[in-house]
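Inspection log for the structure reproduced underneath, given as structure tokens.
Heavy-atom basis, side chains included; hydrogens, waters and symmetry copies ignored. Every chain is numbered from 1 and lettered A, B, ... according to where its sequence line falls, protein lines coming before strand lines.
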Amino acid sequence: MPELPEVETTRRGIASHITHHCITDVIVRQRQLRWPIPNNLRKNLTGQMISSVERRGKYLLLRMQMGTLLVHLGMSGSLRVVSKSLPPEKHDHVDIVFDSKTALRLRDPRRFGAMLWTTRDPLQHKLLKDLGVEPLTEEFSAEYLFHLSRHRKVAIKSFIMDSHIVVGVGNIYANEALFLAGIRPTVATKRVSLQRMQKLVAAIKLVLKNAINSGGTTLRDFTRGDGRPGYFRQQLNVYDRAGESCKQCASTIKCIRQGQRASYYCSHCQR
DNA sequence: ATGCGGACCTGTTAGC
DNA sequence: TGCTAACAGGTCCGCA
């Protein structure tokens, strides 16, 4: 599920339900996520109040008086506010229980996600301190990208998916943004002109904004249960459309493999 | 410094 | 129909 639009959709979905609520218990059923959930999580969280729910890249930051809970949803994670009496299902690894009748429930079948506690400035946490700029801010500009790109020979797609450069651009939206910008995913980064970086930056912002407004993209897992699907899927131009025809020129969409990830593009519209 | 491949883990699907 | 292999929205880490 989670690329930046999905994480932001999650943040907006849970914030009003848990902000200013007091934690009365923490139930950890499975601590082996990407990194083990700290043993003292229950002790650290119980009795604290959530002061805000923020996002940095794809990390969610649940700020409390004594520290911050960092949550990453990995590939398959989701966070939902549920009635605390609702029986947990197979991959419901953590419940953060509130003084209201609710609990915040972390589900993550693949367990690539993370839940960590820090008492310091969370933005200085090892996992956050070297993150690149937020894509939906003015800091993320063509000049910024161009400046960092000059000696890089990696493919442009890998470059924009590098979280040290810009956060939140995952595989789906990288493919979509490159289509909108008319840039082939395999082009060496250093060969992309400032003018084309301009188009790329605009495309990334547009794709992410549209996806957020549509509630994210739902491909597989997220469709079931009562979690509403995201509606961005209908707007996809290339992702998961290998063999289908380009919506702009009717050529056949191609799929290649870059690293371990699938790249989709139109060889006519993208050069 | 940069780039690449492997690692983490389970569920679903494509292919035989 | 059933088994196996490949693949899936992420990203850190170690090595060349």
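- Shown here is R29(A), whose CZ atom has more than 12 heavy atoms of other residues, nucleotides or ligands within 6.0 Å.
- Nearest nucleotide to the R152(A) side chain, out of dT2(B), dG11(B), dG9(C): dT2(B).
- Here the C1' atom of nucleotide dG10(C) and the CG atom of L73(A) are 11 Å apart, to the nearest Å.
- In this structure, dG9(C) forms no base pair with any nucleotide, since neither Watson-Crick nor G-U wobble geometry is met with both distances under 3.5 Å.
- Listed nucleotides dC12(C), dG9(C), dG5(B) differ in distance to Q260(A); the shortest reach to its side chain belongs to dG5(B).
- Using a 4.0 Å heavy-atom criterion, one finds that L33(A) contacts no nucleic acid atom at all.
- Counting any heavy atom pair closer than 4.0 Å across all strands shown, K90(A) reaches sugar-phosphate atoms only and no base atom.
- In this structure, K126(A) reaches the dC13(C) phosphate: one of its side-chain N or O atoms is under 4.0 Å from OP1 or OP2.
- H72(A) comes within 4.0 angstrom of the backbone, heavy atoms only, and of no base.
- In this structure, dC9(B) forms no base pair with any nucleotide, since neither Watson-Crick nor G-U wobble geometry is met with both distances under 3.5 Å.
- The residue among R34(A) and H91(A) whose nearest nucleotide of DNA chain B lies closer to the 5′ end is R34(A).
- Across all strands, F159(A) comes closer than 4.0 Å to no nucleic acid atom at all (heavy-atom distances).
- Separation of the P atoms belonging to dG6(B) and dA6(C) is 13 Å when rounded to the nearest angstrom.
- Of the candidates dG10(C), dA8(C), dG11(B), dA8(C) carries the atom nearest the Y239(A) side chain, counting heavy atoms from C-beta on.
- Formation of a donor-acceptor pair under 3.5 Å by the R31(A) side chain with backbone atoms of P38(A) is found in this model.
- Among the protein residues, R110(A) comes within range of the nucleic acid bases, having at least one heavy atom under 4.0 Å from a base atom.
- As a whole-Å value, the separation of W35(A) CH2 from dG10(C) P is 15 Å.
- A close approach under 4.0 Å does occur between a side-chain nitrogen or oxygen of R111(A) and OP1 or OP2 of dT10(B).
- Each of S163(A) and R257(A) was assigned the nucleotide of DNA chain C with the nearest heavy atom; the assignment lying further toward the 5' end belongs to R257(A).
- A cation-pi arrangement is absent between R55(A) and Y59(A), since the terminal nitrogen or guanidinium carbon is not both under 6.0 Å from the aromatic centre and inside a 45° cone about the axis.
- Nucleotides dT11(C) and dA1(B), compared at atom P, are 23 Å apart to the nearest Å.
- A heavy-atom distance below 4.5 Å is not found between the side chains of R56(A) and L127(A).
- If you take NZ on K247(A) and SG on C266(A), they are separated by 12.5 Å, rounding to the nearest 0.5 Å.
- Lacking a ring centre under 5.5 Å from that of the base six-membered ring together with a plane angle below 30°, F112(A) does not count as stacked on dT11(C).
- In this structure, the side chains of H91(A) and R110(A) stay at 4.5 Å or more apart for every pair of heavy atoms.
- Nearest nucleotide to the L127(A) side chain, out of dC12(C), dT11(C), dC4(B): dC12(C).
- For the C1' atoms, the distance from dG11(B) to dC12(C) is 23 Å, rounded to whole Å.
- Distance from the side chain of K58(A) is smallest for dT11(C) among the nucleotides dC4(B), dC7(C), dT11(C).
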